[in-house]
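What follows is a single structure, written as structure tokens, with notes after it.
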Amino acid sequence: MKRFSASVVAVLLLFNMLLPYAKCTDTTVERIDYDDGSYAIVTTTSSGATRAQTADSKQYTYYDPLGRKCFFYILYATFTYDGTTSSADSSTAEAGIYRDWSVDSHSEYTSGRTAYGNATFSSPSGGTRPVALTLTCSANGRVE
């Protein structure tokens, strides 16, 4: 009986230690339609917040009028917050190219409680598509 009780206590302690690290993800998806029939899917993913930090991302995926994937651009950002204020601590990005598109430029930065990402992509026919993404954190750790 002592061995069983010790095992139950050990399992409960282990579960209790892992609980603060459990995160849930929250994802929102938006579609942007362009006049030429092309469109973009913008996906914002919040990894879930710990007590004072959160790491989130926003992905822009562009499709041509035939529905073929052309490129994606992802802005990643980390934030700290304390219930009264928040701060954007860092931002990085990732880009992927399909169908002979290219990345002309990109830049990422933070200011205050917002992370910014800007990029310009060129199509094989010579047209360009600018992308501007932002992630902003509230004082309570909610990122949009």
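Under the 4.0 Å criterion applied to side-chain N and carboxylate O atoms, K58 and D56 are not assigned as salt-bridge partners.
Nearest heavy-atom pair, D33 versus Y39, reported as atom, atom and distance to 0.1 Å: OD1-CB, 3.6 Å. Here the closest heavy-atom approach between residue E94 and residue Y76 is recorded as OE1-OH, 2.7 Å. Between G141 and T54 the shortest heavy-atom distance is O-CG2, 4.1 Å.
In terms of modelled atom types and a separation under 3.5 Å, the side chain of S138 and the main chain of R142 share a donor-acceptor contact. Judged by distance alone, the side chain of S91 and the main-chain N or O of Y109 form a donor-acceptor pair under 3.5 Å. The closest donor-acceptor contact from the side chain of D89 to the backbone of T80 lies under 3.5 Å. Of the possible donor and acceptor atoms, none in the side chain of R113 sits under 3.5 Å from a partner among the backbone N and O of A88. S123 places a side-chain N or O within 3.5 Å of a backbone atom of G127 that can act as its donor or acceptor partner.
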key: Trace of the side-chain contact (heavy atoms from CB on, under 4.5 Å) decision for T45 with D26   = CA-CA 6 Å; T45 304; D26 183 25; over 6 Å; no

request  = Could you go through the side-chain contact (heavy atoms from CB on, under 4.5 Å) check for R129 and T120 one step at a time?
outcome  = CA-CA 6 Å; R129 174 67 58 190; T120 303; over 6 Å; no

ask   = side-chain contact (heavy atoms from CB on, under 4.5 Å) between E30 and Y60: does it pass, once the steps are laid out?
value = CA-CA 10 Å; E30 171 190 6; Y60 177 102; over 6 Å; no

key: Evaluation steps, side-chain contact (heavy atoms from CB on, under 4.5 Å), between L75 and L135   = CA-CA 8 Å; L75 174 65; L135 288 165; 4.3 Å; yes

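Using a 3.5 Å distance cut-off with no hydrogens or angles, the side chains of S90 and T78 do pair a donor with an acceptor. Under 3.5 Å, the side chains of D104 and S122 contain a donor-acceptor pair of N or O atoms. For S57 and Q59, the side-chain atoms include no donor-acceptor pair closer than 3.5 Å. Between the side chains of E108 and Y116, no donor N or O sits under 3.5 Å from an acceptor N or O.
A heavy-atom distance below 4.5 Å is not found between the side chains of Q53 and F79. Side-chain contact between I97 and V103: present, with at least one pair of heavy atoms (C-beta onward) separated by less than 4.5 Å. Side-chain contact check for V29 versus I41: some heavy-atom pair is nearer than 4.5 Å.
Annotation: side chain to side chain donor-acceptor pair (under 3.5 Å) contacts of D100 (sequence neighbours excluded): none.
Taking the six-membered ring for Trp and the full ring otherwise, the centers of F71 and F121 sit less than 6.0 Å from each other.
The cationic group of R68 does not satisfy the cation-pi geometry with Y62, failing either the under 6.0 Å distance to the six-membered ring centre or the 45° limit from the ring axis.
Linking ILVMFWY residues whenever their side-chain heavy atoms come closer than 4.5 Å, directly or via other members, leaves I74 and V143 in distinct clusters. Hydrophobic clustering keeps V131 apart from Y63 (ILVMFWY residues linked when any side-chain heavy atoms are closer than 4.5 Å, directly or through intermediates). Hydrophobic clustering, with ILVMFWY side chains joined whenever heavy atoms are under 4.5 angstrom apart, groups Y34 together with L133.
The distance from atom CG of D64 to atom OG of S38, rounded to the nearest 0.5 Å, is 8.0 Å.
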